[in-house]
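Take a look at the structure set out below.
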Amino acid sequence: MKNSANVFIQDSDIAWETADKGVRRKVMAYDERLMLVRVSFEKGAVGALHDHPHSQITHVESGRFEVEIGGVKQVLQAGDAYYVPPHAVHGAVCLESGVLIDVFSPYREDFV
């Protein structure tokens, strides 16, 4: 496994990659136990409902999002956060363009 965990991470050194329509992401750093990802959404973009075996904590850096976890929806904005347990079905709709900061444990092999 490639280890991208550097001691200092500079945002400008990491290129955006397209994740979906209106959604871009940057894998900032990871090792086999932990991963940090920035995800940028345009207004109206959708993070489709999905699940995975990883624990996830997400911080809303900017914007407004309608987040659904396990069938429950809530609107979150800059400064808010949410936790997704392993295997919980979740997704988000971007109401006002913004950025989410995702932390996964263990790392998402499908992102690297």
Side-chain angles (χ1 to χ4, degrees):
M1 178 200 108
K2 178 185 173 222
N3 181 338
S4 78
N6 294 315
V7 176
F8 300 104
I9 297 109
Q10 304 245 335
D11 182 67
S12 60
D13 291 343
I14 302 167
W16 288 104
E17 59 183 67
T18 300
D20 210 339
K21 183 177 179 183
V23 182
R24 302 178 304 158
R25 72 175 166 230
K26 289 185 180 193
V27 174
M28 303 299 291
Y30 67 94
D31 66 16
E32 63 279 350
R33 297 168 306 202
L34 189 63
M35 175 179 269
L36 179 70
V37 181
R38 291 187 77 212
V39 188
S40 174
F41 286 79
E42 296 175 6
K43 182 178 179 177
V46 175
L49 289 173
H50 65 287
D51 72 300
H52 45 71
H54 314 83
S55 293
Q56 175 180 341
I57 295 175
T58 298
H59 170 73
V60 181
E61 178 180 287
S62 61
R64 288 181 60 241
F65 296 83
E66 181 184 72
V67 178
E68 180 175 342
I69 304 169
V72 177
K73 295 180 182 181
Q74 187 165 348
V75 174
L76 300 175
Q77 60 190 1
D80 295 338
Y82 58 93
Y83 168 71
V84 181
H87 303 289
V89 175
H90 62 286
V93 176
C94 182
L95 304 176
E96 184 180 295
S97 62
V99 174
L100 299 177
I101 307 298
D102 290 335
V103 178
F104 299 100
S105 179
Y107 82 108
R108 295 280 306 260
E109 293 181 40
D110 55 322
F111 282 13
V112 294

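Numbers here are sequence positions counted from 1.
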#### Entry: Stepwise side chain to side chain contact (heavy atoms under 4.5 Å, CB included) test for H52 and R108
CA-CA 9 Å; H52 45 71; R108 295 280 306 260; 3.2 Å; yes
### Task
Show your reasoning for whether side chain to side chain contact (heavy atoms under 4.5 Å, CB included) applies to W16 and S40.
CA-CA 9 Å; W16 288 104; S40 174; 3.6 Å; yes
### Message
Run V27 and I14 through side chain to side chain contact (heavy atoms under 4.5 Å, CB included) and show every step you take.
### Response
CA-CA 8 Å; V27 174; I14 302 167; 6.0 Å; no
### Task
Assess whether side chain to side chain contact (heavy atoms under 4.5 Å, CB included) is satisfied between Y82 and I57, documenting all intermediate values.
CA-CA 6 Å; Y82 58 93; I57 295 175; over 6 Å; no
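Other residues, nucleotides and ligands contribute at most 12 non-hydrogen atoms within 6.0 Å of the CD atom of E42.
For D20, the side-chain contact (heavy atoms from CB on, under 4.5 Å) partners at least two apart in sequence or on another chain are V23. In this structure, the side-chain hydrogen bond (donor to acceptor under 3.5 Å, both in side chains) partners of D11, at least two apart in sequence or on a different chain, are K26, R38. The side-chain hydrogen bond (donor to acceptor under 3.5 Å, both in side chains) check on H50 picks up H90, with sequence neighbours excluded. E109 is linked by a side-chain hydrogen bond (donor to acceptor under 3.5 Å, both in side chains) to nothing, counting only residues two or more places apart in sequence or in another chain.
Residues Y107 and L34 form no side-chain contact, since every pair of their non-hydrogen atoms from C-beta on lies 4.5 Å or further apart. Here the side chains of P106 and E32 are not in contact, with every heavy-atom distance at 4.5 Å or above. Side-chain contact between R64 and L76 is absent, with no heavy-atom pair separated by less than 4.5 Å.
Once rounded to the nearest 0.5 Å, the distance linking CD of E68 with NZ of K73 reads 5.0 Å. With rounding to the nearest 0.5 Å, the separation of CZ in F41 from CZ in R25 is 10.0 Å.
Counting all heavy atoms, side chain and backbone alike, E61 lies closest to A78 at O-CB, 3.7 Å. Heavy atoms only, all atoms of each residue included: L49 and G91 are closest at CD2-N, 3.6 Å. For A45 against G22, the heavy-atom pair with the smallest separation is CB-O, 3.5 Å. Taking every heavy atom of both residues into account, A29 and I9 meet most closely at CB-CD1, 3.9 Å.
In the hydrophobic clustering (ILVMFWY side chains linked at under 4.5 Å, chained through shared members), V72 stands by itself.
A continuous path of Ile, Leu, Val, Met, Phe, Trp and Tyr side chains, each step under 4.5 Å between heavy atoms, connects I69 with V39, placing both in one hydrophobic cluster. When the side chains of ILVMFWY residues are joined at heavy-atom separations under 4.5 Å, either directly or via intervening members, V103 and M28 end up in a single hydrophobic cluster.
In this structure, Y30 has its ring center at least 6.0 angstrom away from the ring center of F111.
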Under 3.5 Å, side-chain donor or acceptor atoms of residues 93-102 against the rest of the protein: list the pairs with distances, not counting sequence neighbours.
from : atom 1 : to  : atom 2 : distance (Å)
D102 : OD1    : Q56 : NE2    : 3.4
D102 : OD1    : T58 : OG1    : 2.6

